[in-house]
K.L.:
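Quick one: the structure is below, and I'll ask about it shortly.
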2 protein chains.
Amino acid sequence: MNTSPPRSLRHAAGRPSPTLEDLALAAGVSRSTASRAINGGDRVSPAAQAAVDRAVVALGYIPNRAARSLVTRRTSSIALVIPEPDVRVMMDPFFAVVITGITEALRETDVQLVLLMSRTDDDSARTLRYLRGGHVDGAIVVSHHEADSWARSLAETGLPTIFIGRPWDMTFDVTYVDTDNVGGGKLAAQHLSGIGRRRLATVAGPADMTAAVDRLRGWKAGLAEAGLPEGPVVHADFTTDGAAAAARLLLAEHPDIDGIFAASDLMALGVMEAIQAAGKTVPGDIALMGYDNHAVAETASTPLTTITQPMVEMAVKAGSMLLEEIEAPGSHPEPVIYSTRLVERESTSVAPTASAANA
Amino acid sequence: MNTSPPRSLRHAAGRPSPTLEDLALAAGVSRSTASRAINGGDRVSPAAQAAVDRAVVALGYIPNRAARSLVTRRTSSIALVIPEPDVRVMMDPFFAVVITGITEALRETDVQLVLLMSRTDDDSARTLRYLRGGHVDGAIVVSHHEADSWARSLAETGLPTIFIGRPWDMTFDVTYVDTDNVGGGKLAAQHLSGIGRRRLATVAGPADMTAAVDRLRGWKAGLAEAGLPEGPVVHADFTTDGAAAAARLLLAEHPDIDGIFAASDLMALGVMEAIQAAGKTVPGDIALMGYDNHAVAETASTPLTTITQPMVEMAVKAGSMLLEEIEAPGSHPEPVIYSTRLVERESTSVAPTASAANA
DNA sequence: TTGTAGGCGTTATCAA
DNA sequence: TTGATAACGCCTACAA
């Protein structure tokens, strides 16, 4: 097993940065006092504190993280693990939101975010090694697919970890944040049945992703509550093209459908293509719903009714929860679930609209 | 000045990980031999190497980065600096591409990517401190706005740095990668004039971003080459809504325009809105071009002719260039410019098409 | 080829 | 409140 750096990095020779020793000298105190002054100023006289503060700005002193980390066993950095083999999925604004939210949570901290993308199994092994190596104080995992066993792997390391999105393997009482996908799916069923549609179908997401499964579960529950039959279910891969193909089959087999719930806005776009290709209109013939309140939902030729969820808040929460768990190890915070909300647009307006002529 | 961590992170107490000492003991060699065996195996006998290798797997040994970094002065990590105050801009797939590309370049390396997003001036100061602190071996800066002075700041630190996108301040002979925005703008002018459009206008990007400025420069040059007048120029902020507003003004003032070049696909969408709101058609009345070959260009109600650029390659290149510069300090690689290519779609088809009836 | 010894910059312990 | 002093885990001359 090769534990050496595949490539080494040499450092550009520059003027060496001042050390704590230099700082203490300049401030006229001992290293210990300087150290204390720098770290919160516990048990240091105002005079000494002032002298050190002055020296810090004078010298442009910046503590050496490696040295500090070596003795404190803290790295002041956390990892964001993205076990996403597919580059296209990475394009999903979701990740931008997650990164932004976590960064926001870290803002008042000196904690840095290191990005761990593992696309291959090989990557995963390296990522896990990195995580176990104590190189970060905690991790946030964007959990998606059934296959990845990050939950168990990380539970075993004891590293403080927060999952964004309910992980598959719940046997390790992992801490996570999520949106109420079940509730969102139910909202969709309630809305479509509420506007009088009766022959409903859904284009669900991949069966190996919790978000997709939960939305489907909520959808079915909502239909049952409304006294409607389950109706046809087809699965697609959260992409526009995939959904278009799935919807074509769906429409061919069930030409009388009058309402479709697509489990994502991107998929709804594909479904809309298929509907129009079949010579039907939205919402005239078929009311269509998406999910996510993605930017495209608003700009679509027929703006999409969709489900919105507080993604940024969720990501911020994940960040702050991780910080808490790092500071208070052993505290196992409860999972946090954010509720979803319906956003009505033209694609489910009760009466057929002018835009239906688009078809 | 407070150089202390605003919040501290304590570590969960776990079984201490094996040290080099433990490894050496288990392998029956000295620390130095173990160290050498781990780092490339220079001057170590096959027997010793084998013993160490065995011990590594047996103990699950992982080198302590902090300790290693302390003595080697290398951190095996690089920073991606995103000086982007606007969250919405972060949603641009551009960043996903950049991150993916850099990660790809780092794949065979043990170098980690740390993300430095600085939205406020305060953030910038902290980011800069982090960079100067020697906490990373190099940095990649996504350079966008005129205001940020990262080029100078980083040049002063001597930290190996690569810019993605030509920086504004070129007085410090910074190394960068970019796409040929001038060439792309020229392509647009050539194409629109080539299909017979004569009264051309452009919705340019923000005047404080090099990409926007360069595209505009190329556009003007292309018009000149084609013997056409410069035509009207309006600026927008690379968003759909902003472009829609700008285009409304443009169309009101110049009702006879028959071709528009929007400096991004997202902006082209807004322009299309404005055109249709004005009761005109694309491409019947006005041929419309975008830029970026963004996913929306293909899915737009009238698919957009646009300019494509090898963004992933560019990002990968940035990563590998940085690694090179880190390994060979002082080598100042030449900037690399990737060429762009036209992608023809319906929005500039010569003859008016059925979709023109969309209006 | 191997091992010994010293030091990287910081924090933590403990006596003053 | 202060300041020696000893780690922290690793690499690297240097000597063997």
Side-chain angles (χ1 to χ4, degrees), chain A residues 3-5 8-11 13 16-52 55-56 59-76 110 133-135, chain B residues 3-5 8-11 13-52 55-56 59-76 110 133-135:
Chain A
T3 49
S4 74
S8 74
L9 302 177
R10 258 169 290 152
H11 216 44
S17 39
T19 74
L20 188 60
E21 185 83 50
D22 303 328
L23 185 69
L25 191 66
V29 298
S30 71
R31 262 198 345 252
S32 325
T33 302
S35 175
R36 270 179 243 127
I38 282 174
N39 297 297
D42 217 26
R43 293 181 314 169
V44 11
S45 65
Q49 181 73 56
V52 172
V56 164
L59 272 57
Y61 172 77
I62 302 175
N64 181 316
R65 278 192 170 217
R68 176 177 276 176
S69 170
L70 186 55
V71 37
T72 61
R73 305 311 188 82
R74 303 184 279 98
T75 65
S76 287
D110 82 329
H135 305 315
Chain B
T3 49
S4 74
S8 74
L9 303 177
R10 258 168 290 152
H11 216 44
R15 179 171 33 76
S17 38
T19 75
L20 188 59
E21 184 84 50
D22 304 328
L23 185 69
L25 191 66
V29 298
S30 71
R31 273 203 328 261
S32 356
T33 302
S35 175
R36 279 187 294 258
I38 282 173
N39 298 296
D42 216 26
R43 293 181 314 168
V44 13
S45 66
Q49 180 75 55
V52 172
V56 164
L59 271 57
Y61 172 76
I62 301 175
N64 181 316
R65 279 194 170 216
R68 176 177 275 176
S69 169
L70 187 55
V71 37
T72 61
R73 305 312 185 84
R74 303 184 280 97
T75 65
S76 287
D110 82 331
H135 304 316

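Everything numeric here is computed off the predicted structure, so don't read it as measured data. Letters A, B, ... mirror the listed sequences (proteins, then strands); counts begin at 1. These numbers come from the heavy atoms of this one structure, side chains and all, not from hydrogens, waters or symmetry mates.
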K.L.:
Quick one: do A:Arg36 and A:Val29 satisfy side-chain contact (heavy atoms from CB on, under 4.5 Å)? Show the steps, please.
P.N.:
CA-CA 11 Å; A:Arg36 270 179 243 127; A:Val29 298; over 6 Å; no
K.L.:
CD of B:Gln49 versus P of C:dT1: gap in Å, rounded?
P.N.:
12 Å
K.L.:
Is there a donor N/O on one and an acceptor N/O on the other, under 3.5 Å, for the side chain of B:Ser32 and the base of C:dT4?
P.N.:
yes
K.L.:
What is the separation between atom CZ on B:Arg68 and atom P on C:dG9, rounded to the nearest whole Å?
P.N.:
18 Å
K.L.:
Which of these nucleotides, C:dT4, C:dT10, D:dC11, is closest to any side-chain atom of B:Ser30?
P.N.:
C:dT4
K.L.:
Are OP1 or OP2 of D:dG3 and a side-chain N or O of A:Thr33 less than 4.0 angstrom apart?
P.N.:
yes
K.L.:
Please state how far atom CD1 in B:Ile38 lies from atom P in D:dC10, giving the value in whole angstrom units.
P.N.:
7 Å
K.L.:
Tell me whether the side-chain N/O atoms of A:Ser35 come closer than 4.0 Å to OP1 or OP2 in C:dT11.
P.N.:
yes
K.L.:
Given C:dG9, is OP1 or OP2 found less than 4.0 Å from the side-chain N or O atoms of B:Arg73?
P.N.:
yes
K.L.:
Rounded to the nearest Å, what distance is computed from the NE2 atom of residue B:His135 to the C1' atom of nucleotide C:dG9?
P.N.:
12 Å
K.L.:
Could you tell me the separation between the CD atom of B:Glu21 and the C1' atom of D:dC10, rounded to a whole number of Å?
P.N.:
11 Å
K.L.:
Any N or O donor-acceptor pair under 3.5 Å from the base of D:dG3 to the side chain of A:Arg36?
P.N.:
yes
K.L.:
Using a heavy-atom cut-off of under 4.0 Å over every strand shown, decide if A:Ala48 touches base, sugar-phosphate, or nothing.
P.N.:
sugar-phosphate
K.L.:
Rounded to whole angstroms, how far apart are CG on A:Asp42 and P on C:dA12?
P.N.:
11 Å
K.L.:
Side chains of A:Thr19 and A:Asn64: does their closest heavy-atom pair fall under 4.5 Å?
P.N.:
no
K.L.:
Work out which heavy atom in A:Leu20 is nearest to a heavy atom in A:Ala34; give both atom names and the distance.
P.N.:
CD1-CB, 3.8 Å
K.L.:
Distance criterion of 3.5 Å, no angle test: do you see the side chain of A:Arg43 paired donor-to-acceptor with the base of D:dG3?
P.N.:
no
K.L.:
Would you mind telling me which of C:dA5, D:dT2, C:dT11 lies closest to the side-chain atoms of A:Arg31?
P.N.:
C:dT11
K.L.:
Taking all non-hydrogen atoms of both residues into account, name the closest pair between A:Pro18 and A:Asp22 and its distance.
P.N.:
CA-OD2, 3.2 Å
K.L.:
Check every atom of C:dT4, D:dG9, D:dG3 against the side chain of A:Val29 and return the nucleotide holding the closest atom.
P.N.:
D:dG3
K.L.:
With nearest nucleotide decided by heavy atoms, which residue, A:Ala67 or B:Pro46, maps closer to the 5′ end of DNA chain C?
P.N.:
B:Pro46
K.L.:
D:dC11, OP1 or OP2 - any side-chain N/O from B:Asn39 closer than 4.0 Å?
P.N.:
yes
K.L.:
Using modelled atom types only, decide if a donor and an acceptor are shared between the side chain of B:Ser35 and the backbone of B:Arg31 within a distance under 3.5 Å.
P.N.:
no
K.L.:
Please report the shortest heavy-atom distance between A:Gly134 and A:Thr75, naming the atom on each side.
P.N.:
O-CG2, 3.3 Å
K.L.:
Whether A:Ser45 contacts D:dT2 is assessed here as follows: a side-chain N or O lying under 4.0 Å from the phosphate OP1 or OP2. Is that the case?
P.N.:
yes
K.L.:
Can you tell me the distance, in whole Å, between the CG atom of A:Leu23 and the C1' atom of C:dG9?
P.N.:
12 Å
K.L.:
Think B:Tyr61 has a side-chain N or O under 4.0 angstrom from the OP1 or OP2 of D:dC10?
P.N.:
yes
K.L.:
Round to a whole Å and report the spacing from CG of A:Asn64 to P of D:dC10.
P.N.:
16 Å
